[in-house]
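See below for the structure under consideration.
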Amino acid sequence: MSESAGGSQDVTRAEVCVVACAEAWRGDGELLASPFGTIPSAGARLARLTFEPDLVLTDGEGALMANTPGVSGPRGELLLEAWLPYRRVFDVVWSGRRHVMMIATQIDRYGNQNISAIGDWAKPKAQLVGVRGAPGNTVNHPTSYWVPSHSPRAFVEHVDVVCGVGYDRAASAGESATRHHDLRVVVTNLAVLDFETPDHAMRLRSVHPGVSAADVQRVAKQYLSEEQGTTGWFVPTPQAGEKGS
Amino acid sequence: MVGELRSGMTIGFGGWGSRRKPMAAVRAILRAGIDDLTVVSYGGPDVGLLCAYGRVRKVVFGFVTLDSIALDPHFRRARQEGSVEAMEVDEGMFYLGLLAASQRVPFLPTRAGLGSDVMRLNPQLRTVVSPYDDREELVAVPALELDAAFVHLNRADTSGNGQVLGPDPFFDDLFLGAAQRRFVTAERVVAPGELLGEGPIQTITVTRLLTDAVAQCERGAHFTSCAPDYGRDEEFQGLYAKSAADQESWRSFSSKYVEVDEAGYRAALRELSETSRSSGGAG
């Protein structure tokens with residue numbers, strides 16, 4: 001993402017995305033921020049260095065960082081504040097004191113996310129990493145998503161495997177699933193989307209500088225193209241008159 | 001250790017992704033010709049290698065990754081060809097399954113899994129309703145009982161106590177606790193009482209109550225990481241991943257690095273590191 005954002009020559013799109021990711025943790029106070037991917041990781045660090053100084057961040061191994069070194073900086077710069085091996089991460093997940101930003105390979109209108117497999121799960125067209133902690137994360141604590149490429153392949157009518165639980169699926173699973181279910185935002189290379197609609201259908205919250213709502217819809221509409229072999233479609237509901245992230 | 005295994009067993013492997021995997025044990029299993037295995041793992045190249053040799057009937061997993069390489073190509077191929085069955089669950093459900101087996105209870109409850117396709121893809125999974133006034137419906141994660149488990153630790157003693165000097169003990173003690181036969185390999189095996197000379201008491205996370213046999217196995221996690229003894233061998237991991245490209249690459253990799261005994265393996269690694277030094281590859 002080296003293209004520069006329109007309107008300002010010295011801000012890159014990547015930087016805009018980092019800021020948009022950082023905003024996901026605004027208001028969270030003292031909880032474990034768990035970003036996946038370079039841009040969300042930079043975003044979580046930016047949030048802690050500016051408006052959310054109490055956020056807790058891991059070093060990606062078994063510890064929490066007291067300082068905030070750069071993403072993939074030398075480990076020698078790390079100052080650690082506490083031990084948090086993976087088994088204890090689950091204690092944090094199940095206590096609710098965490099806000100994760102996971103990657104979504106596929107995501108649908110109600111925020112169901114797939115990182116398991118493309119196609120038929122029994123014999124996938126493409127095996128991905130696996131459900132990981134997505135089922136547990138989404139019914140236990142706030143969850144946001146990062147979609148590096150806002151495309152029809154990512155935004156689908158129905159995901160092939162529901163890993164992260166969306167609003168519709170949580171509702172149909174009952175009160176135990178909805179009690180702590182809280183999807184926040186979906187940040188992409190083009191826009192920020194959220195679920196602040198009456199039925200929690202995803203809506204376009206803002207577009208990044210240099211992107212228009214029409215650009216986002218154009219990406220979605222390409223999905224209707226039969227010649228591209230696409231199978232579903234998704235047009236986010238734009239929020240009138242809002243720009244920037 | 002491997003002599004006690006039989007085809008068709010359910011075997012758990014400790015570690016996480018491409019970290020502290022009992023790779024020497026995996027190679028020994030491959031050499032012993034044991035197959036039709038159900039493999040239970042926070043998956044890394046242990047899963048991939050066993051799949052590449054067609055020894056796996058079923059994989060029980062929440063993920064399979066090489067960490068610095070997102071996906072294991074051997075595992076991917078096996079899944080995409082439909083040659084292995086899968087039980088795919090949330091990472092936390094996996095933890096509770098091992099814990100339930102360790103504690104000899106049939107299940108443990110959790111919210112994890114509710115509303116997700118984990119419930120659809122594993123029709124054997126059930127929910128349970130809280131007997132208390134809240135009446136919450138939760139997933140009842142079944143005990144993940146293992147016939148055998150292998151873990152690789154930094155140190156162990158001859159009585160079977162085990163020590164993790166790296167940042168994370170992962171779930172190794174639970175793999176051992178969930179298994180009938182419990183095997184520990186370690187970078188170094190010392191006399192009882194000497195582990196305290198290696199690190200503080202809190203690093204001795206495996207007690208001899210959990211182990212049946214111990215073997216010293218230097219670089220027994222290679223090419224996965226075994227901090228602080230050694231990091232992941234990224235160059236070798238790259239070779240492993242590339243060996244999935246075609247038959248020829250795979251034959252070359254497997255004959256040089258898998259179908260050899262441990263002495264042969266170490267010799268092949270020495271040769272690799274000399275080649276890479278002389279070509280400037282390690283620079």
Side-chain angles (χ1 to χ4, degrees), chain A residues 59-63 80 83-91 93-94 103 112-140 159-181, chain B residues 16 19 42-43 59 61-65 67 70-73 75-83 85-86 88-96 99 110-121 127 129-130 134-139 164 166-171 173-174 202 205 225 227:
Chain A
D59 70 341
E61 299 280 344
L80 302 178
W83 188 46
L84 194 75
Y86 288 157
R87 194 184 305 186
R88 289 182 55 202
V89 171
F90 290 112
D91 296 338
V93 170
W94 297 332
I103 291 169
N112 295 291
Q113 166 247 27
N114 178 19
I115 48 172
S116 163
I118 302 296
D120 175 13
W121 178 84
K123 189 182 173 185
K125 199 186 309 170
Q127 172 68 41
L128 308 175
V129 70
V131 299
R132 297 223 64 154
N137 291 343
T138 43
V139 296
N140 278 290
V159 301
D160 294 334
V161 181
V162 174
C163 304
V165 179
Y167 278 99
D168 57 340
R169 290 285 294 255
S172 62
E175 210 176 306
S176 291
T178 57
R179 178 158 295 169
H180 305 296
H181 183 264
Chain B
W16 175 284
R19 303 177 205 188
Y42 283 111
V59 185
F61 70 104
F63 60 82
V64 178
T65 180
D67 292 324
L71 304 171
D72 182 302
F75 170 68
R76 294 193 88 191
R77 169 176 294 173
R79 284 280 287 137
Q80 289 165 197
E81 287 175 350
S83 61
E85 295 172 35
E88 183 172 351
V89 295
D90 172 86
E91 294 167 7
M93 293 173 70
F94 192 108
Y95 159 33
L96 293 177
L99 188 60
T110 180
R111 284 180 214 288
L114 292 173
S116 79
D117 274 352
V118 160
M119 304 305 285
R120 173 175 70 86
L121 302 172
T127 59
V129 175
S130 164
D134 57 83
R135 305 298 294 165
E136 282 214 54
E137 185 185 16
L138 300 165
V139 176
V164 175
D168 201 323
F170 301 125
F171 301 80
D173 56 323
L174 295 183
Q202 302 94 313
T205 50
S225 67

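Proteins get letters first, then strands, A, B, ... in listed order; numbering begins at 1 in each.
Here the side chains of Glu175(A) and Glu137(B) are not in contact, with every heavy-atom distance at 4.5 Å or above. Counting heavy atoms from C-beta outward, Glu88(B) and Val161(A) have side chains that stay 4.5 Å or more apart. Side-chain atoms of Trp83(A) and Gln202(B), non-hydrogen and from C-beta on, never get closer than 4.5 Å to each other. Pro85(A) is listed as a side-chain neighbour of Pro169(B), based on a closest heavy-atom distance under 4.5 Å. Side-chain contact between Arg120(B) and Val162(A) is absent, with no heavy-atom pair separated by less than 4.5 Å.
Interface remark: Val139(B) contributes no atoms to any contact with chain A (heavy atom separation under 4.5 Å). Contact annotation for Thr110(B): only side-chain heavy atoms (C-beta onward) come within less than 4.5 Å of a heavy atom of chain A. Neither the backbone nor the side chain of Arg77(B) has a heavy atom closer than 4.5 Å to any heavy atom of chain A. Contacts between Ala70(B) and chain A at a heavy-atom distance below 4.5 Å involve the backbone alone (N, CA, C, O). Both the backbone and the side chain of Leu121(B) come within less than 4.5 Å of a heavy atom of chain A. If you measure heavy-atom distances from Phe61(B) to chain A, the contacts under 4.5 Å come from the side chain alone.
Between Tyr95(B) and Phe90(A), the angle of the ring planes lies from 30° to 60°, which puts this pair in the tilted group.
Salt bridge annotation for Arg179(A)-Asp134(B): absent, with no cationic side-chain nitrogen under 4.0 angstrom from a carboxylate oxygen. The existence of a salt bridge linking Glu81(B) and Lys123(A) is excluded, since no basic side-chain nitrogen approaches an acidic carboxylate oxygen closer than 4.0 Å.
Contact record, Ala112(B) with Gly136(A): CB-CA, 3.5 Å, taken as the closest heavy-atom pair. Taking all atoms of both residues into account, the shortest heavy-atom contact from Arg19(B) to Tyr86(A) is NH1-OH, 2.7 Å. For the residue pair Val89(B) and Val131(A), the shortest heavy atom distance occurs at O-CG2, 3.3 Å.
Taking NE2 of His181(A) as the start and CG of Leu114(B) as the end, the distance is 11.0 Å to the nearest 0.5 Å.
Of the listed residues Leu71(B), Thr127(B), Leu138(B), the one with more heavy-atom pairs under 4.5 angstrom with chain A than any other is Leu71(B). Heavy-atom pairs under 4.5 Å with chain B were tallied for Gly62(A), Gly130(A), Ala63(A); the largest tally goes to Gly130(A).
A donor-acceptor pair shorter than 3.5 Å can be found between the side chains of Glu136(B) and Ser176(A). Side-chain polar atoms of Gln127(A) and Arg79(B) form a donor-acceptor pair below 3.5 angstrom.
Applying the salt bridge (Lys or Arg N to Asp or Glu O under 4.0 Å) test to every pair with at least one member in residues 124-136 of chain A, sequence neighbours left out, gives these pairs: Arg132(A)-Glu91(B).
Contacts between residues 164-173 of chain A and chain B, counted as heavy-atom pairs separated by less than 4.5 Å, involve Val165(A), Arg169(A), Ala173(A).
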